[in-house]
Amino acid sequence: MSQTKTGKLRSDAIGFAEVLFQGIAAVAPAGAAVATLTGAAAFALGSLPLSAFIAFLLVLINALIISRVSLRVAGAGGYYEYSKAGNGVAAAAFTGMMYVFYQVMAIALVGLSMAVFVPAMLSSVFNLSIPGYLWFLILAADLSLSFALSYSGIRESTVYSTVMGAIEMITVLALAAALVFMSKNNTLAVFTPKYASGGLAGIALGTLFMYTAFAGYGNATPLGEEAKKAKSSISKALLLTVMILGAFFIFTSYAFTVSWGPSQMGTYASALVPGVSLVYSEISPVAAAVLAILFINSLFTSAVVLTNSTSRVLYGMGRDGLVSSKLSSVHSKRLTPHVAAFTTFVSAMLVAAFGTLVLGGFNAFLMTATAATLGTLLVHAVVNVSYPALHKKEGGKISPVDLLLVGAAIAVLGFVFYGTFLSVSEPVLVGLAAFLIFSVFSAYYAFTKRNSSRSVV
């Protein structure tokens, strides 16, 4: 492949819409709405919409901090650049390493979602059987195609993510609206603890799992060297992403809850892909087939976005001398960090394949979900701490409101971190072990690299 060393990415290549949809598409909204919200539904039950609303408010607190940092710093390193500007090289190295860790785990998670849940969905909903031994081919195809699209160019990959992200959200919202219109159970009581398991305790647990549905909204941050008016675009996109996702998850959770039946949500939580099953039975098999296709594409698009952002963080770290300079290589024609993208792809494939062989497909899914969630929370906490430090470096004065906002954001992240272990199992413990081992390694690595960066901080 043709390449240049430590080359430059394509400047002013994408506009605000493409920046915005990187955060939206990263969370796989169609996949979350029709399937993965079952984790929150297991506890919130018929009060799932209330948990969605509370989770939105908590995510918004954290997004406000990151949005403020984005107004001051823009670069291909995203959170790595934010931490570097606020807290220096060692903190940046730690942030970058942990970011790559949780993103690779997230990409592996998306691949496993495709390999494990899609065949099961086709079998349970559409009576189409796929041999179990094909899981590896499905996994490899998903991650390989996502790498290929990321490699093709930032404009090509982000336009695809924007178009497909918009189509899937509009379609899911339309189907959700139809379910609401057809439902005989419409009630605002789902926005109270009335139906939750254990009342407020069920709402709290539902909120913890609902919070993770928003994870990935910050994937626009590594586009700081390729977006037009990067600082303002990324800052605005972060907040608007959370607003859009909040409205989307609140409405779809309401639609699926009242259509399924608020008092029957225990069976919803135990279903494989309840959203697709519901559309199949209440609307039509054709509508369910369309939703299933969008579900699959949602997972693929998410992998593309995650590969884009991870490769750019590795590119930024390679350029600064914190990792191999080969990772800062840029393709001479496509102007993409293709070596970093390929490294990301291979790493995710190895994690997903090895995890499946050792733990089994579903347990590997849970393991990568745990590790990705814990890594996300830790990195967000570090980035939040960088805000007051960055503000002080620029000669500004931290107001009590700023300190309260940072404290609240970190407290929320700590609460979600704690909630991850309320249901402990073998794959959760393996995910925790991977997170702890890599955290210790990253801390040691950051310490050894504290004086080695070529960048000026």
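In this chain, residues are counted from 1 in sequence order.
- Taking 4.0 Å as the cut-off between side-chain N and carboxylate O, E18 and R155 count as a salt-bridged pair.
- Defined by atom type and a distance below 3.5 Å, a donor-acceptor pair is present between the side-chain atoms of Q103 and Y99.
- Counting heavy atoms from C-beta outward, M97 and V100 have side chains that stay 4.5 Å or more apart.
- Residues forming a side-chain hydrogen bond (donor to acceptor under 3.5 Å, both in side chains) with T241 (at least two apart in sequence, or on another chain): none.
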Which pairs would a plain distance check flag for residues 189-205, meaning a side-chain donor or acceptor within less than 3.5 Å of a matching protein atom at least two apart in sequence or in another chain?
residue, atom, partner, partner atom, Å
T192, OG1, A189, O, 2.6
T192, OG1, K194, N, 3.3

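- Once rounded to the nearest 0.5 Å, the distance linking CD of E156 with CD1 of I14 reads 11.5 Å.
- In this structure, G218 and T221 approach most closely via the heavy-atom pair O-OG1, 2.8 Å.
- When the ring pair (Phe, Tyr, Trp, His ring centres under 6.0 Å) test is applied to F248, no partner is found at least two apart in sequence or on another chain.
- Nearest approach of Y217 to A63, heavy atoms of both residues: OH-N, 3.7 Å.
- The side-chain contact (heavy atoms from CB on, under 4.5 Å) check on D12 picks up K228, with sequence neighbours excluded.
- By the side-chain contact (heavy atoms from CB on, under 4.5 Å) test, A271 pairs with W260, P274, sequence neighbours left out.
- Interatomic distance, CG of L306 versus OG of S311, reported as 10.5 Å (0.5 Å rounding).
- You'll find the side chain of T370 stays beyond 4.5 Å of the side chain of F435, heavy atoms only.
- Within a 6.0 Å sphere centred on CE of M182, other residues, nucleotides and ligands contribute more than 12 heavy atoms.
- At a cut-off of 3.5 Å, with distance as the only test, no side-chain donor of N87 or S386 sits close to an acceptor on the other residue.
- With hydrogens and angles ignored, the 3.5 Å screen pairs a side-chain donor or acceptor of N384 with a backbone N or O of H380.
- The aromatic rings of F300 and Y160 sit perpendicular, their planes meeting at an angle over 60°, well past the 30° parallel limit.
- Side-chain contact between Y79 and V313: absent, with no pair of heavy atoms (C-beta onward) separated by less than 4.5 Å.
- Between F16 and L240 there is a side-chain heavy-atom pair separated by less than 4.5 Å.
- Less than 6.0 angstrom separates the ring centroid of F117 from the ring centroid of F365.
- Here CE of M114 is found 9.5 Å from CG of L139. Values are rounded to the nearest 0.5 Å.
- The shortest distance between side-chain heavy atoms of M367 and T356 does not fall below 4.5 Å.
- Between the side chain of T257 and the main chain of P262, no donor-acceptor pair closer than 3.5 Å is present.
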Intermediate values then yes/no, side chain to side chain contact (heavy atoms under 4.5 Å, CB included), S259 and E282:
CA-CA 8 Å; S259 185; E282 297 297 321; 4.1 Å; yes
Side chain to side chain contact (heavy atoms under 4.5 Å, CB included) between I66 and Y82: does it pass, once the steps are laid out?
CA-CA 9 Å; I66 298 177; Y82 297 174; 4.2 Å; yes
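- Closest of all the heavy-atom pairs between N185 and G261 is ND2-CA, 3.9 Å.
- Contacts of E168 classified as salt bridge (Lys or Arg N to Asp or Glu O under 4.0 Å), with partners at least two apart in sequence or in another chain: none.
- Judged by distance alone, the side chains of T95 and S83 do bring a donor and an acceptor atom under 3.5 Å apart.
- Side-chain contact between V382 and M98 is absent, with no heavy atoms from C-beta onward closer than 4.5 Å.
- A donor-acceptor contact shorter than 3.5 Å is absent between the side chain of T310 and the backbone of T307.
- A pairwise comparison of heavy atoms in N308 and S150 identifies OD1-OG, 2.6 Å as the closest pair.
- Interatomic distance, CE of M265 versus OG of S47, reported as 9.5 Å (0.5 Å rounding).
- Scanning all heavy atoms of the two residues, the minimum distance from A76 to E225 falls at N-OE2, 3.0 Å.
- Side chains of Y80 and L322 form a contact here, defined as non-hydrogen atoms less than 4.5 Å apart.
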Does T171 form a side chain to side chain contact (heavy atoms under 4.5 Å, CB included) with L291? I'd like the steps, not just the answer.
CA-CA 8 Å; T171 304; L291 187 57; 5.6 Å; no
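- A donor-acceptor distance shorter than 3.5 angstrom exists from the side chain of S67 to the backbone of S235, with no hydrogens or angles considered.
- Remark: I154 CD1 to L223 CG distance equals 5.0 Å, nearest 0.5 Å.
- Taking the six-membered ring wherever Trp is involved, the centroid distance between the rings of F441 and F438 falls below 6.0 Å.
- Counting heavy atoms from C-beta on, the side chains of V118 and F295 come closer than 4.5 Å.
- The backbone N or O of S298 sits nowhere less than 3.5 Å from a side-chain atom of S302 that would complete a donor-acceptor pair.
- Within 6.0 Å of the CZ atom in F126, the count of heavy atoms belonging to other residues, nucleotides or ligands exceeds 12.
- A distance-only check finds no donor-acceptor pair linking the side chain of S233 to the backbone of A230 [under 3.5 Å].
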Residues F345, I107; criterion side chain to side chain contact (heavy atoms under 4.5 Å, CB included); working and verdict
CA-CA 8 Å; F345 155 68; I107 297 171; over 6 Å; no
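- Considering every non-hydrogen atom in both P427 and N363, the closest pair reads CB-O, 3.2 Å.
- Looking only at distances, a side-chain donor or acceptor of S183 sits under 3.5 Å from a matching main-chain atom of V258.
- Remark: T344 OG1 to F147 CZ distance equals 9.5 Å, nearest 0.5 Å.
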